[in-house]
Amino acid sequence: WTFQDWVKSWGEEDGIEHVPGPIKSPQRAIQKLIRNYDRDIGAITDMVRCTIVCDTVADCASFVRKMRQRSVIGKEERGAGKLMRLTRIKNRFHPLYDTKHSRGYRDLSLNVEVCWVRHEHGLEFVPVESWGKGGRGAQRRHVCEVQVTHSPLSCS
């Protein structure tokens, strides 16, 4: 499994389209490090990202509810079996969102922190309650981005 495969599987039964995003370029990562993160390499997020395209706004809401069910929020520690931490939601659907920053694009941008260990056959995602605990091999973590949009607004 990769992060893309994993996210794609969440919407397959609902007919939701998964569009893998490109990996953030080194140039863009360096630019963000300097402009936004005071050169703190640990602050880089969304090197891996994707878009979920839903047919209806109700489908968007349903997908986000499913993500919430699989996640802990912020600094929560509880959540047996949950595989990610939802760290931020940017609501570009909100009527007060200034679209000049996104050139008119609207979506929900969700940042999710995931933890995994690599095996010879791919990745194993680690439940939040096991993060930092031994016995699973070398754990790695990253904050990925999942954009959820409505198909009439999508650029895909």
Side-chain angles (χ1 to χ4, degrees), residues 1-12 14 16-54 57 59-118 123-132 139-151 153-156:
W1 282 82
T2 66
F3 179 77
Q4 299 291 357
D5 295 330
W6 189 44
V7 174
K8 183 179 180 180
S9 73
W10 303 342
E12 285 180 335
D14 299 325
I16 291 170
E17 180 185 3
H18 168 264
V19 181
I23 293 174
K24 185 177 286 178
S25 73
Q27 295 85 359
R28 178 68 176 135
I30 291 168
Q31 181 184 59
K32 286 189 89 170
L33 272 173
I34 293 168
R35 287 185 182 172
N36 300 18
Y37 303 130
D38 198 28
R39 300 175 192 251
D40 177 6
I41 191 78
I44 284 287
T45 62
D46 71 354
M47 295 293 287
V48 176
R49 56 190 179 242
C50 63
T51 300
I52 298 298
V53 182
C54 303
V57 172
D59 290 341
C60 291
S62 175
F63 185 85
V64 171
R65 271 193 301 278
K66 286 180 183 180
M67 284 192 68
R68 172 58 184 109
Q69 291 167 356
R70 295 178 169 113
S71 306
V72 297
I73 301 292
K75 300 291 182 193
E76 282 180 351
E77 294 297 328
R78 65 185 187 280
K82 297 195 176 187
L83 292 170
M84 62 191 150
R85 180 180 309 278
L86 188 55
T87 62
R88 184 179 82 167
I89 297 176
K90 186 184 294 184
N91 184 358
R92 293 186 189 110
F93 285 132
H94 194 283
L96 297 179
Y97 178 77
D98 186 352
T99 58
K100 73 179 178 192
H101 299 294
S102 63
R103 296 185 182 141
Y105 183 74
R106 292 195 176 267
D107 68 3
L108 285 173
S109 171
L110 299 102
N111 285 16
V112 293
E113 183 177 16
V114 295
C115 179
W116 68 92
V117 292
R118 183 177 299 280
L123 303 178
E124 173 192 355
F125 290 94
V126 177
V128 174
E129 72 264 14
S130 298
W131 290 7
Q139 294 183 1
R140 301 283 185 255
R141 283 197 260 177
H142 185 64
V143 177
C144 303
E145 181 180 30
V146 178
Q147 297 173 339
V148 181
T149 193
H150 181 220
S151 56
L153 302 175
S154 173
C155 298
S156 66

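If you're wondering where the values come from, they're calculated on a predicted model, not measured in any experiment. As a basis for the values below, the full set of heavy atoms in this structure was taken, side chains included, without hydrogen atoms, waters or symmetry mates.
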Q | Sequence-distant partners of Arg65, side-chain contact (heavy atoms from CB on, under 4.5 Å), two or more places apart | A | Ala61, Ser62
Q. At their closest point, which heavy atom of Ala29 faces which heavy atom of Met47, and how far apart are they?
A. CB-SD, 4.1 Å
Q) Nearest heavy-atom pair of Gln4 and Arg49: which atoms, and what distance? A) NE2-O, 2.9 Å
**Q.** Glu124 side chain vs Val117 backbone, donor-acceptor pair below 3.5 Å
**A.** no
Q) Does a sphere of radius 6.0 Å around CZ in Arg141 hold more than 12 heavy atoms from other residues, nucleotides or ligands, not counting ones at 6.0 Å or beyond? A) yes
Q) Hey, mind stepping through Val126 and Trp131 against side chain to side chain contact (heavy atoms under 4.5 Å, CB included) and telling me if it holds? A) CA-CA 7 Å; Val126 177; Trp131 290 7; 3.8 Å; yes
Q | Ile73 CD1: over 12 foreign heavy atoms closer than 6.0 Å | A | yes
Q: Could you tell me which residues satisfy salt bridge (charged side-chain N to carboxylate O under 4.0 Å, His left out) with Lys8, sequence neighbours excluded, listed by chain and number?
A: none
Q) For the residue pair Lys82 and Arg70, what are the closest heavy atoms and their distance? A) CB-O, 3.4 Å
Q: For Phe3 and His142, run side chain to side chain contact (heavy atoms under 4.5 Å, CB included): C-alpha distance rounded to whole Å, both residues' side-chain angles, the deciding distance at 0.1 Å, then the answer.
A: CA-CA 11 Å; Phe3 179 77; His142 185 64; over 6 Å; no
**Q.** CE-SG distance between Met84 and Cys115, expressed to the nearest 0.5 angstrom
**A.** 13.5 Å
Q | Verdict with supporting geometry, Arg118 and Arg140, side chain to side chain contact (heavy atoms under 4.5 Å, CB included) | A | CA-CA 9 Å; Arg118 183 177 299 280; Arg140 301 283 185 255; over 6 Å; no
Q) Any donor-acceptor pair under 3.5 Å linking the side chain of Trp10 with the backbone of Phe63? A) no
Q.
Nearest 0.5 Å, please: how far is CZ in Arg35 from CD1 in Ile30?
A. 12.5 Å
**Q.** Non-neighbouring partners of Arg28 that pass side chain to side chain donor-acceptor pair (under 3.5 Å), sequence neighbours left out
**A.** Gln31
Q: Any chance you could measure Lys66, atom NZ, to Ile52, atom CD1, to the nearest 0.5 Å?
A: 10.5 Å
Q: Would you please classify the geometry between the Trp6 ring and the Phe125 ring as parallel, tilted or perpendicular, with 30° and 60° separating the classes?
A: parallel
Q) With sequence neighbours left out, what residues match Ser109 under side chain to side chain donor-acceptor pair (under 3.5 Å)? A) Glu145
Q | Nearest atoms (heavy-atom pairs only) where Cys60 meets Thr149 | A | SG-O, 3.5 Å
Q.
Testing the basics here: between Gln139 and Gly132, what is the closest heavy-atom pair and its distance to 0.1 Å?
A. OE1-N, 2.7 Å
Q) To the nearest 0.5 Å, how far apart are OG1 in Thr87 and CG in Asn111? A) 4.5 Å
Q) Who passes side chain to side chain donor-acceptor pair (under 3.5 Å) against Asp59, sequence neighbours left out? A) Thr56
**Q.** Within residues 88-100 or reaching into it, pairs that qualify as salt bridge (charged side-chain N to carboxylate O under 4.0 Å, His left out) - sequence neighbours excluded
**A.** Arg92-Asp107, Asp98-Lys100
Q: Would you give the length of the straight line joining atom CG of Leu108 to atom OG1 of Thr51, rounded to the nearest 0.5 angstrom?
A: 11.5 Å
Q | Pair Phe93-Val148, side chain to side chain contact (heavy atoms under 4.5 Å, CB included): steps then yes or no | A | CA-CA 10 Å; Phe93 285 132; Val148 181; 5.7 Å; no
